[in-house]
There are 2 protein chains.
Amino acid sequence: MPTTARRDAKSVERLLRPRSIAIVGASATPGALGASVLANLDRLGYSGEVHLINPNRSEIAGRPCLKSTDELPFGVDAAVLAIPKAGVISAIAGLARRGVGAAVVFSAGFAEGGEAGRAEQREIARMATEHGMLIEGPNCLGFVNYVDGVALTFVESQPAPLRGRPGIAIVSQSGAMACVLGTMLASRDLGVSYSVSTGNEAVAGVEDFLGPLIDDSSTVVAGMIVEQFRRPQEFLALARHARESGKRIVLLHPGRSSAARQSAATHTGALAGDYALMRAKVEGEGVVFVESLEELGDTLEICARAPHAIHSLGRGTVVVTESGAFKALTLDLSEQVGLSLPTLDDQNAPALRAVMPDFVPVSNPLDLTAQGLVDPDIYRRTLEALAKDERLGAVVLGIIQTDAATVDRKLPAVIAGLRHFGSTKLVVFAGLDEGAPVSAQYLHDLRALGVPYFPSPDRAMRAIARLAAGAVHAPVAAPAPLTGEFPRVCGVIPEYQAKRLLAPLGFPFPKGRFVHTWDEARRAAESLGYPVALKAQSADLPHKSDAGGVVVGLADTVQLKSGWDRLHSQVARNRPELSLDGVLVECMGRPGVELIIGGRNDPDWGPVVLAGFGGIQAELLHDFCLILPGERPDAVRRALLGLKAGALFGGFRGTPELDLPALVDLIGRIGQLLVSHPAIRELDLNPVIAHPIGHGVLALDALILAN
Amino acid sequence: MPTTARRDAKSVERLLRPRSIAIVGASATPGALGASVLANLDRLGYSGEVHLINPNRSEIAGRPCLKSTDELPFGVDAAVLAIPKAGVISAIAGLARRGVGAAVVFSAGFAEGGEAGRAEQREIARMATEHGMLIEGPNCLGFVNYVDGVALTFVESQPAPLRGRPGIAIVSQSGAMACVLGTMLASRDLGVSYSVSTGNEAVAGVEDFLGPLIDDSSTVVAGMIVEQFRRPQEFLALARHARESGKRIVLLHPGRSSAARQSAATHTGALAGDYALMRAKVEGEGVVFVESLEELGDTLEICARAPHAIHSLGRGTVVVTESGAFKALTLDLSEQVGLSLPTLDDQNAPALRAVMPDFVPVSNPLDLTAQGLVDPDIYRRTLEALAKDERLGAVVLGIIQTDAATVDRKLPAVIAGLRHFGSTKLVVFAGLDEGAPVSAQYLHDLRALGVPYFPSPDRAMRAIARLAAGAVHAPVAAPAPLTGEFPRVCGVIPEYQAKRLLAPLGFPFPKGRFVHTWDEARRAAESLGYPVALKAQSADLPHKSDAGGVVVGLADTVQLKSGWDRLHSQVARNRPELSLDGVLVECMGRPGVELIIGGRNDPDWGPVVLAGFGGIQAELLHDFCLILPGERPDAVRRALLGLKAGALFGGFRGTPELDLPALVDLIGRIGQLLVSHPAIRELDLNPVIAHPIGHGVLALDALILAN
């Protein structure tokens, strides 16, 4: 699909808040698309002009019908195409002639339906661009604006007005998923500000709608379901903007598995992108990444119900339970989902100690035992003590609810405690026994206090872990510009040239000389000191080892000569057509641990650095991490230590601690280089040898690909 | 805790179905433990004798009270101790004097409460053993027998009679968790046959109750929550028995994290065991292992509602959805949870192709799009086509429910389709939009057809994946006895002796000679052929490399002599007190891929073989697998290929395919050896070198530890 230019916010506003609407394919038949669109507008009490278009009727329910779009007054704000696919292109042409601002296209069968459909979608995009018309769709379900009461959708849901509740903006490529999420949120009595589905995104994409929806004061959080971002850089800028506005974006984006990426490509007509890179980039801008609809609903509920608490979730969570066995289950889960449960004990939490019965040791998870049954005030006292604890940003109340009688004994005490909580910490009520009979009144009371009611502590812990990951991720700054010259380059830059360019920028390489003759090689080796390595150099020989172009461990002149001859004869045999630029003579580095470090300027997502251990670690176990340029050194350090074999950095079974600071420094330099020189498509340092702490790292090889 | 002997089933039966009951600590105060126990018995209409004991009252609610246990008639079946901890020991003594069959002890503060508590619990166990009395607890919530209507618990839940529904037996160490699970199951209208909590298990453990509950014809499945099995071998035998009886056991057992194992040990007073070994053993006996309460409830619901379908879950699952975006999410999740979704397409599923609209391609997940809205009969046709597909054992209906009107359009059609399904496949209705308004009548209709209603397809997929893992795991047979002599051994058996013992049994070792003098060494090397290795031998030198006791790569007599001298001087320097048994001269093996293979007879769980790659793979990445003796070769093969670096077996980046059959054979031999010789505590072959296919494997070292 062609990348379309960014719509200006005004044309999106005009669609979302139209003063006049045309329904192409208006119908009197209940259940027909056109009839459903009109019914939705009527139900919401839409007060603007509505023009009905149906060539076969003069009126529908007492309203006049136009025969054709040609009869429309000029400059209608928005049109809905409630017609079969076959009529879409000519209808858009007709709407364009009448200066209609935007059109919503429900019909499917375009880019997702084969080559003919793709051509038709391109034609829609061309017409829209030519006439400055916004298109939502095709293959979408339209939108509902719950703030102003406008719906251009045939889904006959019952939009609940926002009524001043914190609004969740739903932005989804899939219309079905937007509906599903809307139903989930409504069942929890959460308010939606807007629900927009963009479908195939012939013209307008999620990037066009997100900005205006985020900027709307009714929206506190956006929930997005996206299969493929078509304009990644715009999305990243919007995510940055949302973070600066204090509003979260929660994103559900399938594609962890290659099967899912393939399916998404078939479904949307978009190409499968680099999932890991996308994830690293959007998380870098503070987007909360979730992996299921359930997690999406759960995190959105927390954001909408307790927006005051989100910023402190990076601190830590305490899980209050009433069962020792559940305590153990909680510890398993917290490790699995990466939720931090700060250690609390009798010594370090005196306020909590003071309010517990003697036989209850202070811990986290905190097991109140069955004490709440005989002394329900323990919930208030516990909450009061937890409120003051600066180590905590969230409290999960994993209460056993059992039956209505037990609920009536415990819940009033919990609610009384919450009324006097006096803290901005998040509290989630998460009963242990899903399905327990808790009355609507208790749910209402909890929610009125900003406390989500969850069916299980597990779900609360997962959602908090997702949000906490976003909360601790500090904004990534643009890296400082690289000091030092770096010329414009193009094509494959072989090792000797790449090293010559990078060494002045502080990249660590072995000492070496680029030579052309045996005599030069001998003098170079003597001056560098034995043992040395020889490496054949040519832009046409990026995989020089495979061609026999690398000879190592040459200890003296005799070995150097035989190595020199071997190298040349091997390359000549394997690549007879090739003429070498020359040979690199290099000091042999001392042994160390092998890493692979690289970077690239992705055409969609921009610069990123990749680091991992060499050998089977990288290739078989995919043990590498992605690091964004400008990431702070401590975050880079954490990412490296988080590798599966990250313990190697600290020294393992007698091996020494490695020079992690030097590695962090090298990664920082690569980030600076990629940002300063967008023409560098790829940079590979493979291998990089990490030496013991204080002895630095050495990149044994280097390769640059540039535009 | 001492391992207690197995109770006979009769004494458990006597407790669960008592003809007479004594309540020690009977009370007239509502909410007091003794009052609650009596209220529960009355509510259930218990018709046997009830003896109330309270020294301070002559009657409670018109029933006479005894002053003391001494006034009890001889031979009451069961007593409940509804009294504070301080009185427990003397009360048990009193009950024992009156020949009471069993006692339920609620009080806490025994083994979980420090050394004094542990001593008191030992005293309870001693008295019980002496008098042949069964004890449930201490620190338990008693039990409810829903089949016969008997409850010895103070939890004032409202036990719903079983009413002929398939019964779920709840067996939990934690009383609170038993309650929580009971509430969860009741909210789904599922029947419980028994709910038993065993607490600290001073005398009777989950192993005592499980057998009678499984054997009860009212029970179709057992749901267990266990922090630590005290009698592992008994549990394994019961699991085997349950599988043979066609009844499942679903087990929730915390301990994946070391924090959880530590917490469980503190909570129950039991020692933390080997979690991975426990899991391998219980799964080997067909136990379904789950990791959360939610999964426990979900799998139990499937087992209780669709017991006919469980055996076929190993086949494959089809997920029917109504959204392309959800299709991609499903593929991500199926990969994550290991659920097999057989490929369905227009060619290989003609029956399905025939009933789909043209624009719906056949696939799995199958996206019906919004077709169900305009043509609800598509659900019936789809189910009919899926019913016949032999590749499938389960169908997940991920339907979009939206609102009451949509539900009323879709659900009757789905239910009509299910009525004519005519297949024993599992069908789970799993709406995409959790919280959608689905009426109780639809839930009832679905359930009456054996179809669980789940809040999300994700949960259905997780539960099916857990059950499928159990369904495909064939029973592990006892391995064939080892042919060949193996003497009784004891203590540390050093390499030369271990190899001498194991080689005749078919264990592959390098050719070698055990020598004492330089002269013998020289002759051995000449006869074996150079190059050779020398290895110092002594039972007191298990880590000979660390002491300089291994010298390798000796290519001729000169090198052999200097190696011989070096070995002796190094060992003499590092271990001056040591006198060597001798030195092993061995042929140098050819290079290959290094593995670590070992085995042990765990005192709790029995024999197990451990296999993994050597180096950092094993130690840093914990890349090893546990294999049960008697496991079929194809399952061993799968386990090895499932290692993180398992792709190495197939050849990776130019390395050859390895001799997996030889490795499988070696693992089988180790299993036979461990089973035939329980005195072998540990066997280590480290390293084992795997050679290219056809060239076998060689164990370079061997060490045995025996009792």
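Chain naming here is simple, since letters A, B, ... match the order of the sequence lines and numbering starts at 1 in each.
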Specify the closest pair of heavy atoms between B/L331 and A/A259, including all atoms of both residues, with the distance to one decimal.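 Smallest interatomic distance, heavy atoms only, reads CD1-O, 3.4 Å.
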Closest non-hydrogen atom pair, A/T402 against B/T183: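 Looking at all heavy atoms of both residues, the closest pair is O-CG2, 3.2 Å.
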Given heavy-atom pairs under 4.5 angstrom as the criterion, report whether the side chain, backbone, both or neither of B/Q401 touches chain A.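 Neither part; nothing is under 4.5 Å.
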Toward chain A, the part of B/D332 with a non-hydrogen atom under 4.5 Å: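 When you check distances to chain A, atoms from both the backbone and side chain of B/D332 fall under 4.5 Å.
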Top contributor to chain A interface from [options] [non-hydrogen pairs under 4.5 Å]:
options: B/A328, B/G435, B/A108; value: B/A328
options: B/A645, B/A647, B/C179; value: B/A645
options: B/G255, B/P437, B/A405, B/G297; value: B/G255
options: B/A370, B/P254, B/G31, B/G175; value: B/P254

Side-chain contact, heavy-atom cut-off 4.5 Å: [X] with [Y]?
X: B/L432; Y: A/M177; value: yes
X: B/K644; Y: A/K644; value: no
X: A/L252; Y: B/L329; value: yes

Would B/E335 and A/R256 count as a side chain to side chain contact (heavy atoms under 4.5 Å, CB included) if you check the C-alpha gap in whole Å, the side-chain angles of each, and the deciding distance to 0.1 Å? CA-CA 9 Å; B/E335 186 177 287; A/R256 274 175 292 152; 5.8 Å; no
Would you compute the distance between atom [atom1] of [X] and atom [atom2] of [Y] and round it to the nearest 0.5 angstrom?
X: B/E112; Y: A/F359; atom1: CD; atom2: CZ; value: 11.0 Å
X: B/S456; Y: A/L293; atom1: OG; atom2: CG; value: 8.5 Å
X: B/S292; Y: A/Q336; atom1: OG; atom2: CD; value: 9.0 Å
X: B/E294; Y: A/E294; atom1: CD; atom2: CD; value: 5.5 Å

Based on non-hydrogen pairs under 4.5 Å, which of A/I400, A/T406, A/V155, A/T369 is most in contact with chain B?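 Heavy-atom pair counts peak at A/I400.
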Start with the C-alpha distance between A/E434 and B/R188, add both sets of side-chain angles, then the distance that settles side chain to side chain contact (heavy atoms under 4.5 Å, CB included), and finish with yes or no. CA-CA 10 Å; A/E434 186 184 37; B/R188 302 171 182 211; 3.4 Å; yes
